[in-house]
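For reference, the structure is listed below as structure tokens.
Each chain gets a letter, A, B and so on, in the order the sequences are listed, and its residues count up from 1.
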Amino acid sequence: MELSEQKQIRRESLEGLRKMGIDPYPPDLYAVNATTCEILEKFPLDASLFQDVSIAGRIMARRIMGGASFVEIQDSTGKIQLYFKRDELCPGEDKELYNTVFKRYLDIGDIIGVKGFVFITKMGEVTIHVKEYKLLSKSLRPLPIVKEKEDQVFDAFTDPEQRYRQRYLDLIVNPHVREAFIKRTEMVNSMRRFLNEHRYLEVETPILQPLYGGAAARPFVTHHNTLDLKLYLRIANELYLKRLIVGGFDGVYEFSKDFRNEGMDRFHNPEFTQMELYVAYKDYEWMMSLVEEMVERIALDLHGTTAITVGDNVIDFKRPWKRISMYGIIQEYTGEDISDLDEKTLVTLAKKLNVETDPTMGRGKIIDALFGTLCEPHLIQPTFITDYPIEMSPLAKKHRSKPGLVERFEAICNGKEICNAFSELNDPIDQRQRFELQMELGKRGDSESMVLDEDFLRALEFGMPPTAGLGIGIDRLAMIMTNSPSIQDVLFFPQMRPEVR
RNA sequence: CUCUCCGUAGCUCAGCCGGUAGAGCAGUUGACUCUUAAUCAACGGGUCCCAGGUUCGAGUCCUGGCGGGGAGACCA
């Protein structure tokens, strides 16, 4: 491999250090007793603190003025300035530790540990006066250089391809990226705390499944050698979690990576995270209240307020959220009452409203198309849409009073679905018929139709209590909670084509 | 899959009507013992994404491909 000039020079520095007896990758731990954030916060209030401080981090900038230098290092909490003075680091005749090791062989990107005391410079900046330093790891590649002054950023590292492929660089150089991912984790923690407070049991179910189910999607296929068995990566957890409700748990939930072999865009990654929750003896009305309470709590935990800025909008998660039926919202946006319209009339209506349909679409799909194009994009504030056509929901229970509908809701927010829930279908005979209907669709060429799961039906036949179920898209919710326009901004390593070298 | 924009130094970008590659930062060397986008001086650094084509001559024009962004299609 041919090395660029800068890489070559760094390798020469590495050799130079070794010749001087300095291990560029020392094995022992480096004891740290403070973080940059702590120092910056507390020192201005009490200057007697941090007089014997030990800290470690990556060199982000160097300003060398002959016999004295300022260096910025960054740890996981932020950046702080260091002050190196030649005659203090090297009190005797031998000035190598400053002139050669520090000035010549150290670079931006190297990781060092320093000990010293904190003071404030003439310019008023909290700074560590370094009494000793140690190289902890030598960097052999030049880092992207981002500079800033008074909140203005210069030469920002913005190329999306490099940011996603080399996320570590993005994290080193763009502090807001780290913030977003920390927020995501806090969001998951908040949700988990909420669920645990309710005494629901966090469980794990198989990712490798001989039959996939629980959603309408195309799966990834793999193969197990010993069993010589075709296996699918799960597209949803639903059917396994319901088996656990049959088994007698009152409430189970799982944070799960699911996999769908479909298109990718700003809202879709082939692998994504869902949280699914199933609670016995509850229904979808009850679940709506739980979702409101949970998401409101998350917003408060993350932002201290229920009102969150997302793009150009402020979204308020304060309870209660608007609840409206599918027919109701379509009437609101089109003025048409479609509740009694048959398929033929609906096709005519769709044409009139410039919504595309095709002959394979049944009544349910047409209604979904009307909703998806005419209503959903306008729903910015959190809104529950309830009571979906039965054709689109083969795992949901028939509506208690409205024929042709099921007891299902989705929460829409910022023009996108954030969760999907229903009163779970626990009538095994009805469930079998719905599966059979799906198999029919499959035979007609619907690649996303569900397959019949005989073991799941067997479980239902033993009896499942009435149950409310919920699936909530963690990535989608994280996008909202971190004000990220793309799913790639809330996934550390979004799927990419392999890099050609 | 379709449309569209982009791909030039480690990073951010300029490069006109086609005439043989440029800046800032970063790097190297030197000066500078409280700087902060440090400063000053000098220097080095390029598979212009890849492959063809047109042309005396291509970073630039054309065709195809690769990679990425955005929009749509499909899809939750």
Side-chain angles (χ1 to χ4, degrees), chain A residues 2-10 12-13 60-72 79-90 95 98 103-104 107-109 119-127 129 139-166 169 172-173 214-218 235-236 258 260-270 272 274 356 358 365 368-369 372 376 392-393 410 412 416-420 446-448 471-473 475-476 485-488 494 496-501:
Chain A
E2 211 144 293
L3 292 178
S4 73
E5 187 192 29
Q6 294 200 47
K7 284 186 206 162
Q8 239 166 341
I9 287 166
R10 283 171 182 241
E12 284 161 18
S13 299
M60 299 303 287
R62 299 205 301 162
R63 292 182 282 277
I64 296 174
M65 298 153 300
S69 303
F70 289 93
V71 170
E72 278 168 30
K79 285 185 203 169
I80 196 164
Q81 181 172 262
L82 309 177
Y83 179 60
F84 285 71
K85 195 171 180 180
R86 181 199 284 149
D87 294 338
E88 287 189 26
L89 284 163
C90 315
K95 304 293 186 193
Y98 182 87
K103 263 170 70 172
R104 191 184 165 85
D107 289 290
I108 289 173
F119 73 111
I120 293 183
T121 64
K122 284 176 189 164
M123 301 299 287
E125 178 149 352
V126 175
T127 300
H129 191 120
S139 165
L140 296 181
R141 284 174 185 262
L143 222 50
I145 304 291
V146 180
K147 299 225 170 189
E148 52 195 293
K149 184 184 191 179
E150 284 150 16
D151 292 334
Q152 264 184 287
V153 177
F154 300 85
D155 300 335
F157 181 64
T158 52
D159 177 22
E161 181 169 358
Q162 289 195 80
R163 287 185 47 221
Y164 301 148
R165 285 194 199 280
Q166 295 177 264
L169 288 183
I172 290 169
V173 145
R218 296 165 67 186
I235 58 172
D258 290 344
R260 297 188 184 174
N261 207 341
E262 291 165 352
M264 297 164 57
D265 60 34
R266 209 150 70 75
F267 295 98
H268 300 264
N269 195 64
F272 63 102
Q274 269 202 103
E356 269 186 60
D358 69 71
K365 277 227 169 193
D368 191 54
E376 197 177 25
M392 316 196 51
S393 315
E410 292 188 353
I412 312 293
K416 279 274 165 191
E417 171 206 344
I418 57 170
C419 77
N420 181 18
D446 184 347
S447 58
E448 291 175 345
I472 181 160
D475 312 288
R476 297 270 179 89
S486 166
I487 199 169
Q488 296 171 112
M496 290 249 165
R497 284 205 154 79
E499 192 175 6
V500 279
R501 295 183 149 267

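One finds a side-chain N or O of A:Arg165 lying less than 4.0 angstrom from the OP1 or OP2 phosphate oxygen of B:rG68. OP1 or OP2 of B:rG69 lies within a sub-4.0 Å distance of a side-chain N or O belonging to A:Gln488. Distances shown here put every side-chain N or O of A:Arg62 at or beyond 4.0 Å from the OP1 or OP2 atom of B:rA26. The side chain of A:Gln162 contributes an N or O atom lying less than 4.0 Å from OP1 or OP2 of B:rC11. For B:rA38, one of the phosphate oxygens OP1 or OP2 lies less than 4.0 angstrom from a side-chain nitrogen or oxygen of A:Arg63. The side chain of A:Arg497 places an N or O atom within less than 4.0 Å of a non-bridging phosphate oxygen (OP1 or OP2) of B:rG68. For A:Arg141 and B:rG10, the shortest distance from a side-chain N or O to OP1 or OP2 is not below 4.0 Å. For A:Lys122, no side-chain nitrogen or oxygen approaches OP1 or OP2 of B:rU36 to under 4.0 Å.
Looking only at distances, a side-chain donor or acceptor of A:Arg62 sits under 3.5 Å from a matching main-chain atom of A:Lys103.
In this model, a side-chain donor or acceptor of A:Glu5 finds a partner on the base of B:rG44 within 3.5 Å. Side-chain N/O atoms of A:Gln81 and base N/O atoms of B:rU35 include a donor-acceptor pair closer than 3.5 Å. For B:rA37, the base has no donor-acceptor partner in the side chain of A:Gln152 [N/O atoms by modelled type, under 3.5 angstrom].
In the set B:rG27, B:rA71, B:rG69, B:rG27 carries the atom at the smallest distance from any side-chain atom of A:Gln6.
Looking at A:Arg165 and A:Met496, their side chains come closer than 4.5 Å, going by heavy atoms from C-beta outward. The shortest side-chain heavy-atom distance between A:Arg476 and A:Phe272 does not fall under the 4.5 Å cut-off. A heavy-atom distance below 4.5 Å is not found between the side chains of A:Val146 and A:Met60.
Base-pair partner of B:rA51: B:rU63 (Watson-Crick or G-U wobble, both distances under 3.5 Å).
Nucleotides B:rA51 and B:rA38 are separated by 47 Å at their C1' atoms, to the nearest Å. Comparing the C1' positions of B:rC48 and B:rG15 gives a spacing of 11 Å, expressed to the nearest Å. One P atom belongs to B:rG45, the other to B:rG22, and the distance between them is 12 Å to the nearest Å.
Residue contacts for A:Glu88: at a heavy-atom cut-off of 4.0 Å it reaches no nucleic acid atom on any strand shown. Using a 4.0 Å heavy-atom criterion, one finds that A:Phe154 contacts the bases of the nucleic acid, with or without backbone contacts as well.
Both A:Arg260 and A:Thr127 lie close to RNA chain B; mapped to their nearest nucleotides by heavy-atom distance, the more 5′-ward contact belongs to A:Thr127. Between A:Lys85 and A:Ile9, the one whose closest nucleotide on RNA chain B sits nearer the 5' end is A:Ile9.
Look at CE on A:Met264: it is 13 Å from P on B:rC1, rounded to the nearest Å. A:Phe157 has its CZ atom 14 Å from the C1' atom of B:rA26, to the nearest Å. At whole-Å resolution of the value, CZ in A:Arg218 and P in B:rC74 are 14 Å apart. Between the C1' atom of B:rG27 and the CD1 atom of A:Ile64 lies a distance of 12 Å, rounded to the nearest Å. The interatomic distance linking A:Asp155 (CG) with B:rA37 (C1') rounds to 9 Å, in whole Å. A:Ile120 has its CD1 atom 18 Å from the P atom of B:rU36, to the nearest Å. At whole-Å resolution of the value, CG in A:Asp258 and C1' in B:rC75 are 15 Å apart.
Taking every heavy atom of both residues into account, A:Phe157 and A:Val173 meet most closely at CB-CG1, 3.6 Å.
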